[in-house]
Amino acid sequence: MPSEPDARDVLRRQLRERRKALPAEQQATAARAVAEHIHKLPGWDAARHIGLYWPNDGELGTQPLAQACRAQGKRTYLPVLTQQRTLVFREWLDNQAMQANRYGIPEPDSSHRSRTAGELDVLVMPLVGWQRDGYRLGMGGGFYDRTLADARGLLCVGLAYACQQITGLNGAAWDIPVHWVLTESGLTACDVQERAPTR
């Protein structure tokens with residue numbers, strides 16, 4: 001019988017293939033839909049600094065969401081990898097030049113203002129899989145978990161397709177849950193059980 005880590009790896013591959021198999025028009029429609037649904041997020045109107053991500057590997061697109069944020073006067077930020085395998089967030093302006101990180105994912109360069117995760121109002125995170133308890137299955141690198149370990153109180157929103165919902169996996173002690181999941185179908189409030197900080 002496969003171990004829990006092995007089961008996560010198998011599921012991660014399956015879910016990545018599932019989202020990449022979605023037709024391009026369906027992906028575009030979903031990206032527009034989430035930009036409309038996010039207005040229902042509690043506290044959204046007052047939020048000013050929004051962390052997003054540059055989609056990769058079939059992740060749900062964020063361009064319509066970024067445009068909606070800017071239209072409301074909100075500032076948008078993209079994650080940038082650090083040498084400590086954590087993330088900082090640099091401002092993402094419309095039509096700005098980008099530089100590729102070690103994984104080939106575009107990032108704003110160092111000329112743009114940056115914030116830590118704790119200085120954001122809302123962080124919209126990419127998900128491979130998600131559960132209603134807030135447990136999120138990511139790509140496996142642990143970048144978000146390390147980054148968010150010292151950013152308690154930040155409102156974390158997972159962004160994924162509805163077909164990426166899963167059940168039955170147990171989160172580890174270091175996993176940082178999401179409070180909400182945003183899909184093309186709408187917002188889902190997660191039943192988050194707050195975990196004690198690890199030492």
Side-chain angles (χ1 to χ4, degrees), residues 4-5 8-9 11-12 15-16 19 38 41 43 47-63 65-66 69 74-93 96-131 133-160 164 169-182 190 192-199:
E4 183 80 4
R8 284 197 296 270
D9 288 341
L11 184 57
R12 185 179 286 116
L15 291 169
R16 289 172 64 193
R19 72 185 180 189
I38 201 166
L41 185 72
R48 288 291 171 263
H49 301 280
I50 314 299
L52 298 174
Y53 64 86
W54 190 279
N56 180 58
D57 193 60
E59 293 167 343
L60 206 159
T62 56
Q63 189 66 42
L65 184 52
C69 289
K74 303 180 191 299
R75 295 184 180 274
T76 55
Y77 301 79
L78 289 176
V80 175
L81 301 180
T82 71
Q83 293 296 323
Q84 294 74 38
R85 294 179 60 80
T86 59
L87 303 169
V88 295
F89 296 84
R90 289 191 188 141
E91 189 162 17
W92 179 22
L93 305 173
Q96 78 184 62
M98 299 280 189
Q99 61 185 18
N101 65 21
R102 71 190 80 162
Y103 299 109
I105 301 171
E107 297 176 341
D109 64 31
S110 58
S111 66
H112 294 86
R113 74 182 76 190
S114 64
R115 284 182 173 254
T116 65
E119 294 173 317
L120 299 173
D121 296 315
V122 176
L123 176 58
V124 177
M125 307 162 57
L127 307 179
V128 175
W130 61 277
Q131 296 186 156
D133 62 0
Y135 174 65
R136 37 174 281 279
L137 186 66
M139 292 291 282
F143 292 102
Y144 279 96
D145 289 320
R146 283 188 292 273
T147 300
L148 297 176
D150 297 321
R152 302 286 176 171
L154 173 65
L155 184 62
C156 296
V157 179
L159 188 61
Q164 294 172 250
L169 287 184
N170 297 316
W174 57 83
D175 287 327
I176 306 297
V178 292
H179 303 98
W180 294 83
V181 174
L182 177 61
C190 296
V192 176
Q193 302 297 317
E194 294 294 341
R195 300 180 176 92
T198 56
R199 296 285 179 188

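Just so we're clear, the structure is a prediction, and the values are computed from it rather than from any experiment.
- D109 and Q99 share no donor-acceptor pair across their side chains, judged by distance under 3.5 Å alone.
- You'll find the side chain of E59 stays beyond 4.5 Å of the side chain of L159, heavy atoms only.
- The two residues C156 and L148 make their nearest non-hydrogen contact at SG-CD1, 3.9 Å.
- Taking 4.5 Å as the limit, every side-chain heavy atom of L137 sits out of range of all side-chain heavy atoms of Q131.
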Checking side-chain contact (heavy atoms from CB on, under 4.5 Å) for the pair M98/W92: CA distance, chi angles, key distance, verdict?
CA-CA 9 Å; M98 299 280 189; W92 179 22; 3.2 Å; yes
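- Looking at heavy atoms from C-beta onward, W130 lies in side-chain contact with Q164 at the 4.5 angstrom threshold.
- Taking OG from S114 and CG from L87, the interatomic distance works out to 12.5 Å, rounded to the nearest 0.5 Å.
- Of all heavy-atom pairs between V178 and M125, the closest is CG1-SD, 4.0 Å.
- In this structure the side chain of T62 never reaches within 4.5 angstrom of the side chain of T76, judged on heavy atoms.
- Ring geometry for Y103 versus F143: interplanar angle over 60°, hence perpendicular rather than tilted (30 to 60°).
- Between D133 and C190, the shortest heavy-atom distance links the atoms C-CB, 4.2 Å.
- The minimum heavy-atom distance between T147 and A117, with the atom names listed, is CG2-CB, 3.8 Å.
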Run the side-chain contact (heavy atoms from CB on, under 4.5 Å) check on L155 and L41 step by step: do they pass?
CA-CA 10 Å; L155 184 62; L41 185 72; 3.8 Å; yes
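- For the residue pair R146 and T86, the shortest heavy atom distance occurs at CB-CG2, 3.9 Å.
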Determine, stepwise, if the pair R136 / D145 fulfils salt bridge (charged side-chain N to carboxylate O under 4.0 Å, His left out).
CA-CA 10 Å; R136 37 174 281 279; D145 289 320; 3.0 Å; yes
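- For the pair V80/P108, a side-chain contact is recorded, criterion being any heavy-atom separation below 4.5 Å from C-beta on.
- A distance of 8.5 Å separates CD in E107 from CZ in R102, rounded to the nearest 0.5 Å.
- Side chains of I50 and F89 form no contact here, defined as non-hydrogen atoms less than 4.5 Å apart.
- Looking at R16 and M139, their side chains come closer than 4.5 Å, going by heavy atoms from C-beta outward.
- Residue Y77 is tested with H112, R115, E91 for a side chain to side chain donor-acceptor pair (under 3.5 Å); the sole match is R115.
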Decide side-chain contact (heavy atoms from CB on, under 4.5 Å) for K74 and D121; before the verdict, give the C-alpha distance in whole Å, the side-chain angles of both, and the deciding distance to 0.1 Å.
CA-CA 10 Å; K74 303 180 191 299; D121 296 315; over 6 Å; no
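- Note: L182 CG to L65 CG = 7.0 Å, rounded to the nearest 0.5 Å.
- Distance CH2/W54 to CD1/I105: 11.0 Å, rounded to 0.5 Å.
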Stepwise side-chain contact (heavy atoms from CB on, under 4.5 Å) test for R75 and R113:
CA-CA 11 Å; R75 295 184 180 274; R113 74 182 76 190; 3.6 Å; yes
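- Inter-residue side-chain proximity for S110 and R90 is flagged as met; some heavy-atom pair is nearer than 4.5 Å.
- W180 pairs by the ring-ring contact (aromatic ring centres under 6.0 Å, His included) definition with nothing, not counting sequence neighbours.
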